[in-house]
Amino acid sequence: MTPPRKLHIKSYGCQMNVYDAQRMVDTLAGEGFVETAQAEEADLVILNTCHIREKASEKVYSELGRLRVAREEAARQGRDMKIAVAGCVAQAEGEEIIHRAPVVDVVVGPQSYHHLPQLLERASRDGKAIETEFPAADKFGFLPQPKPGAIRARGISAFVTVQEGCDKFCTFCVVPYTRGAEVSRPVDKIVDDVKRLTENGVRELTLIGQNVNAYHGEGPDGKSWPLGKLLQRLAEIPGIARLRYSTSHPRDVDDSLIEAHRDLASLMPFVHLPVQSGSDRMLAAMNRKHTVKDYRDVIERFRNVRQDIAFSSDFIVGFPGESAEDFSATLALVMQIGYAAAYSFKYSPRPGTPAADMRETVSTADMDERLARLQELIDSQQSAFNRAAIGTTVDVLFERPARNPGQIVGRTAWLQPAHVMASPDIIGQVMPVKIESLERYSLLGELAPAATRHRATPASNQISIGA
Ligand code: SF4
């Protein structure tokens, strides 16, 4: 019997890439590949790249330099190591990758992962293989389903792609160019995937898409279903303890989504809702298609139906033309909303985007100073949010043994890690935990008797609400 070939995938960036990496593993499992954590011993290494952040492609090239050495060593041992670049850098740079790094055998864009076996064959035959087109056929229909053993090995939380691509064209973002136009999967296909996951032990689902709440997949009634209606349907599937979704655009928050938060206990009260800036002038320059007031109104609509809801967000500082007043408006918005967490980045131009041609750049010193101030504010809000959990009893979905012997770790509804001393039997269950202390970002507590079970009160989980 031929021994299995070894596959190593290194993923950068967003949840969509984590999900795509799993789909590549499933696709290549059919070709006799098994995963390895060691790039050096792999027969195929895939770099699953992200193009959204500064220097993303430079990181890829320096990783390819390391892989060249590993490949030479493999050749000395008589092994043939293939190297593939996938993801958004592959899509954006295509053939250029092979010019700059001839060590690469395959370049494959995110819409073509189901063609990986053929691309590897082509690379063996012709030396190189590149596929970065947007094929007319929906790749979702061609990607194989994970095997039950693979689902169980991935744990009790799973991502399910429901939507891909984006039609918004924010001026700083490459996604509409690398992932293409918005495409939504039909409801029945998603329901089938979710049933298969829950039958194999998955308790928590995160529906993912670049613009997930623009979801408009075809329902079983032949009509276009919004995300809220899809969530209502998925909540009916036995075994689902928790539902989440990411990443949302403020403009696409519709009544169905608000109603889902009102009606579904399994839909977690934690929403990632990027705003990027608190200045209308900057939002217009970014082509975000909403104002600060629109954003605040959306937050209020969520809070009106689910008072324990908390938010995270993304911010860009130093977008071209950002003045000190614009930045102050961002700080003011953060103060007003009160976030449980947020990601903030210095603006960096992405080639091919409209913002890359904008002339009024902000100096590095100003960017550094603004980023530090924003991060300090966000950190203080996150700490206050976490501290507010101390003394409350909250539901935790237990995921796995912690590093400390005897401890089991899970997540609260707001994705805070929570540790208790308990038997591993509780893995996969949602149980009430009395929170006793906070260590950095982790909550520590003990299992509470079921009789004391209650949801954390709204007030204890909101830190700053402005008007
Ligand atoms: S909505 Fe998000 S994914 Fe779409 S262009 Fe804007 S930042 Fe990029």
Side-chain angles (χ1 to χ4, degrees), residues 12-20 48-54 56-57 87-92 109-111 134 159 161-185 206-217 226-227 244-254 257 271-292 294-295 298-299 311-322 330 333 339 341-358 374:
Y12 302 81
C14 66
Q15 288 168 337
M16 184 71 85
N17 266 11
V18 175
Y19 173 90
D20 280 346
N48 189 21
T49 60
C50 168
H51 201 269
I52 209 111
R53 300 285 168 232
E54 193 176 16
S57 51
C88 290
V89 173
Q91 186 67 42
Q111 307 305 323
F134 288 112
F159 297 132
T161 295
V162 301
Q163 176 279 340
E164 196 167 350
C166 182
D167 294 339
K168 293 284 186 298
F169 290 92
C170 297
T171 53
F172 54 83
C173 181
V174 289
V175 165
Y177 312 100
T178 57
R179 295 275 178 166
E182 280 174 15
V183 181
S184 295
R185 297 179 68 203
T206 304
L207 309 186
I208 56 171
Q210 267 94 26
N211 202 343
V212 72
N213 58 334
Y215 177 81
H216 58 277
L227 183 66
R244 304 179 185 277
Y245 57 90
S246 187
T247 294
S248 304
H249 191 286
R251 214 178 84 145
D252 292 327
V253 175
D254 64 2
L257 191 55
V271 176
H272 184 60
L273 196 63
V275 63
Q276 311 297 358
S277 170
S279 151
D280 281 340
R281 212 173 68 83
M282 287 297 101
L283 291 176
M286 292 174 176
N287 192 31
R288 288 288 295 172
K289 301 186 171 78
H290 64 82
T291 63
V292 174
D294 296 335
Y295 184 81
V298 167
I299 297 268
F311 297 91
S312 61
S313 191
D314 292 338
F315 293 91
I316 295 173
V317 301
F319 189 78
E322 184 189 71
T330 297
L333 180 68
Y339 290 98
Y343 306 92
S344 47
F345 305 93
K346 287 186 280 187
Y347 170 74
S348 74
R350 306 264 55 98
T353 57
D357 295 328
M358 293 179 182
L374 179 58

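What's counted below: heavy atoms across the whole structure, side chains too, no hydrogens, waters or symmetry copies. Just so you know, ligand 1 is whichever comes first in the structure, and atom 1 is the first atom listed for that ligand.
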Exercise. Specify side chain, backbone, both or neither for P176, according to which of its non-hydrogen atoms lie closer than 4.0 Å to ligand 1.
Key: side chain
Quiz item: Quick check: does any side chain N or O of E322 sit under 3.5 Å from a backbone N or O of M282, one acting as donor and the other as acceptor?
Solution: no
Quiz prompt | S246-R244 side chain donor-acceptor pair, cut-off 3.5 Å | solution = no
Practice problem: To the nearest 0.5 Å, tell me how far N213 CG sits from R251 CZ. | Solution: 11.0 Å
Practice problem: For atom 1 (S) of ligand 1, state which one of H249, R350, K289 supplies the nearest heavy atom. | Solution: H249
Exercise. Give the numbers and elements of all ligand 1 atoms closer than 4.0 Å to a heavy atom of F169.
Key: 5 (S)
Quiz item: Do D294 and R288 meet the salt-bridge criterion of a basic N to acidic O distance under 4.0 Å?
Solution: no
Quiz item: Against heavy atoms of F172, which atoms of ligand 1 measure under 4.0 Å?
Solution: 7 (S)
Quiz item: Any idea which atoms of ligand 1 are less than 4.0 Å away from a heavy-atom of C166?
Solution: 1 (S), 3 (S), 4 (Fe), 5 (S)
Exercise. For A356, enumerate each residue passing the side-chain contact (heavy atoms from CB on, under 4.5 Å) test, keeping only those at least two apart in sequence or located in another chain.
Key: P349, T353
Quiz item: Looking at residues at least two apart in the chain, or sitting in another chain, which of them share a ring-ring contact (aromatic ring centres under 6.0 Å, His included) with Y295?
Solution: none
Practice problem: Go through ligand 1 atom by atom and flag the ones less than 4.0 Å from a non-hydrogen atom of K168. | Solution: 1 (S), 4 (Fe)
Self-check item: Those atoms of ligand 1 less than 4.0 Å from some heavy atom in C170
Solution: 1 (S), 5 (S), 6 (Fe), 7 (S)
